Amino acid sequence: MRWMSTQDAPTEKTEEEKAAIKAAREARKAEKEQQKAEKKAKKAAEAAAREEAERIHEVNYLSYEEQDNYEPFGDMTRTMSRSRTGREFALVDELETKYKPGDKVWLRGRLDSIRVKGGSCFLVLRQDSFNTVQACFFKDKENPEFSKKMIKYLKSLTVESVVDLEGTLTESEVRSCSVKSVELQIGRIHSVTKAASILPFSVEDASRSEAEVDASQETDRPFPRLGQELRLDNRWMDLRAPANNAIMRVQSMICQLFRESLYSQGFIEIHTPKLIAGESESGAGVFTTDYFGTTACLAQSPQLYKQMAISSDLTRVFEIGPVFRAEKSHTRRHLCEFTGLDLEMAITDHYMETLEVIHNMFKHIFTNLESRMAKELVVIREQYASEPCTFTDEPCVIHWPEAMEILESEGFDIGDGMGDLSGAMELALGRVIKEKYGTDFFMLDKYPMEIRPFYTMPDPEDPKSSNSYDIFIRGQEICSGAQRCHDPDLVTELLKEKGIEAGEGLESYIESFRHGVPPHAGAGIGLERVVFLYLGLDNVRKASMFPRDPNRCTP
């Protein structure tokens, strides 16, 4: 055994030495931590620099003259009328006629579709619903960083967004767009407002015909069938479909042609109250509202006031305005609010004077719709099949007794011939009239007095008959009218016969006759009905921008 000497034994560290060792160890640790933090900070700075370099900033586009100072991609800052930029925007439907290849143009439109693959992008810009043009972008090998950011931005765009695009026109053959001989090479693109990435349905799906949807159901990729309620809940989307958008344009043109014809025939336009003291139409439901402690009604028609206009020596008047009917009708041709095309005129001898005016007016509408709205009608008829409405040169007027004979021969039980027509009767009558007279448009007069309003003039030869008429397109009623009873004593008598009290609203109406009024006649036409039937639609709601029915008061 070897004994350890006292010299070989380890000496114990002093407190100072221990503190020094500890301090050195902590210093080394702190140095490592600092190096680690510096390395991390360097990486973060490099990542931030890369992110900043790749970031696509909003573009505050204030002036075309300063355009070169703005990034050629990126969302526009919110348009808040900061400045007039000086850009001149082109129309898509003028690209092939007003411009030539090589021209640089600005366009604003909706992003109809977009496809980005690798270093290329193809998109379709849609303007005014049915004018479309293709635009494309291809990677620039000489400027890869710019191309990378442009592709990144293009990928971020969502369908239905509103975008501004500047591009150069180049010759091309494009089958899928309305502009077929040119396309745009994208130089600059900005989103003005972005659409949500998930939409209730696509405009493409909303644009398909029933026949197309039906035919797809047996395939591997059936098209979705969009229900009426889904469409109406998102009506602004539904109206972007080319045919539905064109329907609204046709509706607008009908109003314009209605005005044109009546102005040319000596009419003036009037504007009557829609808040009235009592019902304006007997037998029609009425909406009521509080009117400073009393009850007022929403006008079911301008009937009383357009007659009082005649008493005011405004001898030929018309109005385009809202009509309200509180009727729980859940049919494809009834609405609780619609637009009335109303007219009233003094007559000399006979209500046929008014029917001739109305016939001339509808001839003007039918003829000019086909010529002025040819493009829109093609688009509509691609989705909703129909033929132009046929009509006679002179009014085709069918008398009630002839109509009863036709319906009886068609197997209908007409009873005593004094009842109103059912929908089936109207359609059958329309079919026979088309076969017999070659017209979709006709007038039926001499309705039974008991089914007409109190202000209708009775037939002088038969008190059970009346000087009233309805007008039909394709076997469905679009218009009701009559010679009005202008004799105040006879009006009072007719009110009593129908059990109607001459309340506050009717007293002034009758009083206007006591002060002298010319004989007169008129008609009330449903605008949406005309659109619906002229275009052969399956539901009047398609002819109303935002329809109101017993189950719908929004949007």
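Computed from heavy atoms alone, side chains included, the values below leave out hydrogens, waters and symmetry copies. All values reported here derive from a predicted model rather than from experimental measurement. Each residue takes its place number in the sequence, starting with 1.
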A.B. asks: Would a distance-only check, ignoring hydrogens and angles, find a side-chain to backbone donor-acceptor pair under 3.5 Å from Arg529 to Glu477?
C.D. replies: yes

A.B. asks: Heavy-atom count check: over 12 atoms from other residues, nucleotides or ligands less than 6.0 Å from Glu212 CD?
C.D. replies: yes

A.B. asks: Taking only residues two or more places apart in sequence or in another chain, which ones pass salt bridge (Lys or Arg N to Asp or Glu O under 4.0 Å) with Glu160?
C.D. replies: Arg126, Arg240

A.B. asks: Please check if the side chain of Thr132 supplies one atom and the backbone of Ser178 the other of a donor-acceptor pair under 3.5 Å.
C.D. replies: yes

A.B. asks: State whether Tyr64 and Arg87 meet the cation-pi test: NZ (Lys) or CZ (Arg) under 6.0 Å from the six-membered ring centroid, and within 45° of the perpendicular axis.
C.D. replies: no

A.B. asks: Relative to Phe223, does Arg208 satisfy both conditions: NZ or CZ under 6.0 angstrom from the six-membered ring centre, and within 45 degrees of the ring's axis?
C.D. replies: yes

A.B. asks: Look at the aromatic rings of Tyr70 and Tyr61 and report parallel, tilted or perpendicular, splitting at 30° and 60°.
C.D. replies: tilted

A.B. asks: Picking from Phe472, Tyr469, Tyr437, what satisfies ring pair (Phe, Tyr, Trp, His ring centres under 6.0 Å) with Phe442?
C.D. replies: Phe472

A.B. asks: Is a side-chain donor-acceptor pair under 3.5 Å present for His364 with Asn368?
C.D. replies: yes

A.B. asks: Between Phe366 and Phe441 (judged by ring centroids, cut-off 6.0 Å), do the two rings come close enough to count as a pair?
C.D. replies: yes

A.B. asks: Tell me if the centroids of the rings in Phe362 and Phe391 come within less than 6.0 Å of each other.
C.D. replies: no

A.B. asks: Could you list all the ring-ring contact (aromatic ring centres under 6.0 Å, His included) pairs where at least one residue sits in residues 225-262, not counting sequence neighbours?
C.D. replies: Phe258-Phe318

A.B. asks: For Tyr447, which residues count as a ring pair (Phe, Tyr, Trp, His ring centres under 6.0 Å) partner, sequence neighbours excluded?
C.D. replies: Trp400

A.B. asks: Any chance the side chains of Arg452 and Ser480 put a donor and an acceptor closer than 3.5 Å?
C.D. replies: yes

A.B. asks: To the nearest 0.5 angstrom, please state how far the CG atom of Leu335 sits from the CG atom of Asp549.
C.D. replies: 7.0 Å

A.B. asks: Do Arg431 and Glu426 pass the salt bridge (charged side-chain N to carboxylate O under 4.0 Å, His left out) test, and can you show the C-alpha distance, the side-chain angles, and the key distance before you say yes or no?
C.D. replies: CA-CA 9 Å; Arg431 176 175 50 78; Glu426 289 183 357; over 6 Å; no

